[in-house]
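What follows is a set of notes on a single structure, which appears directly below.
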Amino acid sequence: MDENPLTQAFRLILELDPALVGIVSLSLKVSLSAVAVAAVLGLPLGALLALYRFRGRGAAVASLNALMGLPPVVAGLMIYLLLSRAGPLGSLGLLFTPTAMIIVQTLLVFPIIAALARQVIEDLWDEYREQLQSLGSGRLRAIPTLLWDARFSLVTGVLAGFGRASAEVGAVLIVGGNIDGVTRVMTTAIALETSRGNLALALGLGIVLMLLGLLINISIYVIGEQTKRRLG
Amino acid sequence: MSTAAKDPVRAASLLPLTLEQVCFRHGDQTLLQDINLSVSERGKTIVLGPNGAGKSLLMRLCHGLLDPSSGDIRWALDGRDAAPTIRRQQAMVFQRPVLLRRSALANVVHALALQGVARAERTARGEEALERFGLLPLAGRPARVMSGGEQQRLALARAWALRPEILFLDEPTSALDPSAVKAVEDAVLTFHAAGTRIVMTTHDLGQARRLADDVVFLCDGRLLEHTPAETFFRQPQSAEAAAFLRGDLVW
């Protein structure tokens, strides 16, 4: 106990402390699932918004952009109200489960991915439109072509979404409840362990979280550079 | 209008293409006015004219990328059933080739997929087209990192794979160096030899002389002449065309 918390933190990480590993893996599971769902929904929706003109499109684009800044606690509150016993989906019994956390993080990540996809696909469509039209591709058929050709820009958006999901604390705390071994993820654990004075675990988790953020940003950078060099 | 009995549309020819009183307006500007033009079954038509005459616009209207503000653009095939065939039987090569961010071969294969060619045939047809334009060794190269000349040849190979009845080329050589220009001109002749109808714009008079069977001369959004090339270059009918050929009316 005389060891300083930072040394202890590194030891927890290097020794793959079960509590730490459990929390990290739940974090990854929740955030990766949320990002996957958000990408599956957000990429095609962004492409549709980019390619089609309809009444209310401007409002849809503006609200998507606004939702990128949705405060996690507010997202948490909304999903809490939806899933709580008295709420419209209360009968599903999802509150305080990892599923609820995936849902709320999907809500946070979806606007980032969809808004970025909208922007990227719209620019690409400007460039490709005549050629694709000439080749006989309608707008709907152009969506997979454009999504594939924009894949590297879109991956950076997806990674940014993962960054937001793994770093937020308010939303998962409200709908997950920070239950030990069930819904405790890195961010909520750091908040709790710090207030409890268990600085070693808090620091250990904090280091893992920071490394994760670093890894994401390096990936974004490398992918961007590779794309420029290899694909023009 | 057309009767359902009028199949198989596939075997029938698109040509001739007829433009009747075609106008194109943008805002309160008339960019093309009262264009009457007939594009026959065979040959190489070169569209000439000073910059801003409406050459590219005319190509886009013919190719169906834009709709005329008024007037008619008619293919020999008509009727609603014919629309997909009409689209499939033509191709266009643009001044700046638009290539997808994938390999050279994948670019051709994608175009064939859009055209509804069976999956099993696409690669073979794509490779045949690349081979034809000397690009087979570059089949796996990302299209976007190829040189300008190679990119334009790839755009031509992509068009070749589609086996169009008519090929539109909009200033296909204006961004290229001389050796690449030669390759594009050779490609145009290859298409011609295969029976593809050629309609092409250029601002290179030497190129027009080398390639043209007939010349369409546009000036200020109007079609002033459509004559055999020989006549056009020897004895232009309009004062504007004469000035253009002397070099007094460029750009």
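Chain letters run A, B, ... following the sequence lines, proteins first and then strands; every chain starts at 1.
Residues B:D67 and B:F24 fail the side-chain proximity criterion, which asks for heavy atoms closer than 4.5 Å. Inter-residue side-chain proximity for A:L203 and A:F10 is flagged as unmet; no heavy-atom pair is nearer than 4.5 Å. Side-chain atoms of B:L189 and B:K44, non-hydrogen and from C-beta on, do get closer than 4.5 Å to each other.
Among the residues in residues 54-63 of chain B, those with a non-hydrogen atom closer than 4.5 angstrom to a non-hydrogen atom of chain A are B:R60, B:H63. Contacts of residues 152-167 of chain B with chain A at a heavy-atom distance below 4.5 Å involve B:R158, B:L162, listed in sequence order.
A salt bridge links B:E128 and B:R132; the closest N-O separation between the charged side-chain nitrogens and carboxylate oxygens is under 4.0 Å. Under a 4.0 Å N-O distance rule, the pair A:E127/B:R144 qualifies as a salt bridge.
Checked by atom type, the side-chain pair B:S179/B:D177 shows a donor-acceptor distance below 3.5 Å. A side-chain N or O of B:Q207 and one of B:T173 form a donor-acceptor pair less than 3.5 Å apart.
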### Task
Would you please test B:L37 and B:V216 for side-chain contact (heavy atoms from CB on, under 4.5 Å) and show each step?
CA-CA 9 Å; B:L37 174 67; B:V216 168; 3.7 Å; yes

### Task
Give the intermediate values and the outcome of salt bridge (Lys or Arg N to Asp or Glu O under 4.0 Å) for residues A:R164 and A:E168.
CA-CA 6 Å; A:R164 181 174 205 212; A:E168 70 83 19; over 6 Å; no

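Looking at A:L124, the atoms closer than 4.5 Å to chain B (heavy atoms on both sides) all sit in the side chain, from C-beta outward. Only the side chain of A:R151 comes within less than 4.5 Å of a heavy atom in chain B; its backbone stays farther off.
Taken from CH2 in A:W125 to CG in A:D149, the straight-line distance is 12.5 Å, to the nearest 0.5 Å.
More than 12 heavy atoms of other residues, nucleotides or ligands lie within 6.0 Å of CD in A:E225, so this atom counts as buried by the packing criterion.
Heavy-atom pairs under 4.5 Å with chain A peak, among B:M92, B:R102, B:R87, at B:R102.
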